[in-house]
Number of protein chains: 2
Amino acid sequence: MADARQAMYRQVAADLRHAITDGAYGSGGRLPAESALAEAYGVSRGTIRQALSVLRADGLVTSRRGTRRVVLGTARVPTFRESLSFTRWARSIGEEPGGRVVDIARVPADEVEREQLRLEAGDHVYRVLRVRTLSAVPVMVERTVYPERVGEIVAACDPAAVSHTVPMEERGVVITDAHHTIDVTGADEDDSRLLGCRVGDALLRERRRSTDPAGSPVEWAEDRYLPGTIAFAVHNSAAASSLSRRPAL
Amino acid sequence: MADARQAMYRQVAADLRHAITDGAYGSGGRLPAESALAEAYGVSRGTIRQALSVLRADGLVTSRRGTRRVVLGTARVPTFRESLSFTRWARSIGEEPGGRVVDIARVPADEVEREQLRLEAGDHVYRVLRVRTLSAVPVMVERTVYPERVGEIVAACDPAAVSHTVPMEERGVVITDAHHTIDVTGADEDDSRLLGCRVGDALLRERRRSTDPAGSPVEWAEDRYLPGTIAFAVHNSAAASSLSRRPAL
DNA sequence: TTCCCAAGGTTGGCTGTACAACTCCAACTT
DNA sequence: AAGTTGGAGTTGTACAGCCAACCTTGGGAA
């Protein structure tokens, strides 16, 4: 349970999550009734339901009226923050992340950037080109556009800094929502040079727009991965839908 | 609002969703306070919060303690069912979906299939190979494995049937959870023949395991798309995280 | 045996209340 | 002019209760 500063339902959710990933209920097994959990944790049923809805959204348990909840899978589900940060992700799978900033520039935002980052005409943005490595092997090229207030933080970082999200968080930039588009694209000359592939080779592309709790865009990024280095995993459920297809541009 | 058989919070969510996609609050605008909405709809604040949590998970609105909710985007978000069915997706973007079953076979499940579909030794599965088209142009090859009870339904379908999910739903097979893995792979000979590309060409691959409300697997599928025909869109938030990266196999 | 039905258990949905934590803005102080 | 404080407004968390919808089980009926 730990940390009393956390909301009760989060503590319960974390505890149940551990119990599930430790296999306490087995895969395909049944959870105790909500009322039983409520009594066990000494909280109301509403709080238990809140905790379970978190696990439901993560795809750890199902729910169906009339019968106990079923454990769907016992795999560890990354937290939201891990899923956003290349560095955190790499460390969580036991790889050593690295990288370096190839190019960074403060320029007036073009029309697309103004639209994506919701800026006014004349506002400036920081464009960052970065190559990222796992165990010193280049696997991804990242092109990110930041609005001025965020870009200043990134520009102040060491070009070889492993993580940009950590300093951003320390400076109060918090990301709570991200919208991703995943498809395939061909390598351009920069990609070719930085990743060691040929121009035109297929790369797995993730485009991402992240926003803070106030709804202001924090970054607009395009990541290109060498095939075979990464896969994206998505869970969706009738309770919390999140994956969709889109016609490619 | 419509249909009284729907739960109240879903009606409210649908109504607010329409209001938002119609631009009633603008992009970046603020929603009325929960208590105001509660009074307007004649329901309790709890019900409003339930409705808003749906929109939150879809990335339509943010939420932050102390201040009103902000409209994140006004784009239409596909429903869970649309995102699962190629046919529904194609129609929703105004394309004419088609396809045909190339091969279907009832065979004993191999070890991987038993693991994925949670079957016993000796159980049989249906393996289906299918090519799918948009406006008569092949764009995707689909390899699906069904457990026996579901496979029987699919096997009874016309090989040229546009949709398998519709008959499945009519026969009481409901999907409530799906786990997807998205990456890039090379075309094999079947892909090459059916999609008209060369062996080894890069394809966007989606692997999917779907389960019903009881937690029993309903299908295990691998879809391979020609590059440029589709992109996957994902929203995740601190409230309902569901995207993760995975090391490629 | 097989089918049907009733009863009990369980989750879904909704209401109402209370307080805590936080944001924002205006008025005040320095 | 700049910083501080305080209060009103808003969402987050938690509790308690009620009924409906649904599933499972077991016993009775055919």
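Throughout, a chain's letter reflects where its sequence line sits, starting with A, and its residues are numbered from 1.
- Judged by distance alone, the side chains of B:H124 and B:E148 never bring a donor and an acceptor atom under 3.5 Å apart.
- Side-chain atoms of B:R130 and B:H164 include a donor-acceptor pair closer than 3.5 Å.
- Closest approach to the A:T67 side chain among D:dC15, D:dC23, C:dT15 is made by D:dC23 (side chain taken as heavy atoms from C-beta onward).
- Remark: A:R30 is not in phosphate contact with D:dC23, judged by side-chain N or O atoms under 4.0 Å from OP1 or OP2.
- Atom CZ of B:R68 and atom C1' of D:dT11 are 12 Å apart (whole Å).
- In this structure, A:Q6 places its CD atom 14 Å from C1' of C:dA21, rounding to the nearest Å.
- As rounded to whole Å, 15 Å separates atom C1' of D:dG9 from atom CD of B:E39.
- In this model, the phosphate group of C:dT15 is approached by a side-chain N or O of B:T47 to a distance below 4.0 Å at OP1 or OP2.
- In terms of position on DNA chain D, the residue among B:R69 and A:R65 whose nearest nucleotide sits closer to the 5' end is B:R69.
- Side-chain contact check for B:D58 and B:H235: no donor-acceptor pair (N or O, by modelled atom type) lies under 3.5 Å.
- Residue-level contact check: B:R45 touches the bases, meaning some heavy atom is under 4.0 Å from a base atom.
- For the residue pair B:T181 and B:R208, no side-chain donor N or O sits within less than 3.5 Å of a side-chain acceptor on the partner.
- For C:dT11, the OP1/OP2 oxygens have no side-chain nitrogen or oxygen of A:R64 closer than 4.0 Å.
- For A:Y41 and D:dC15, the OH to C1' distance is 19 Å, given to the nearest whole Å.
- Between B:A214 and B:L31, the residue anchored closer to the 5' end of DNA chain D is B:L31, taking for each the nucleotide with the nearest heavy atom.
- Comparing atom distances between the B:R10 side chain and each of C:dG13, D:dC15, C:dT11 picks out C:dG13 as nearest.
- Dashed line: the shortest gap from a side-chain N or O of B:R49 to OP1 or OP2 of D:dG12 is under 4.0 Å.
- Atom CG of A:L52 and atom P of D:dA14 are 14 Å apart (whole Å).
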*Determine, stepwise, if the pair B:W220 / B:T144 fulfils side chain to side chain contact (heavy atoms under 4.5 Å, CB included).*
CA-CA 6 Å; B:W220 182 47; B:T144 315; over 6 Å; no
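- Across the protein-nucleic acid pair, B:E34 atom CD and C:dG16 atom C1' stand 15 Å apart, rounded to whole Å.
- One atom, CE of A:M8, and another, P of D:dA16, lie 13 Å apart when rounded to the nearest Å.
- Across C:dT11, D:dT10, D:dC23, the shortest atom-to-atom separation from the side chain of B:A33 is found for D:dT10.
- Note on A:S63: a side-chain N or O is less than 4.0 Å away from OP1 or OP2 of C:dG12.
- One atom, CD1 of A:I48, and another, P of C:dT10, lie 14 Å apart when rounded to the nearest Å.
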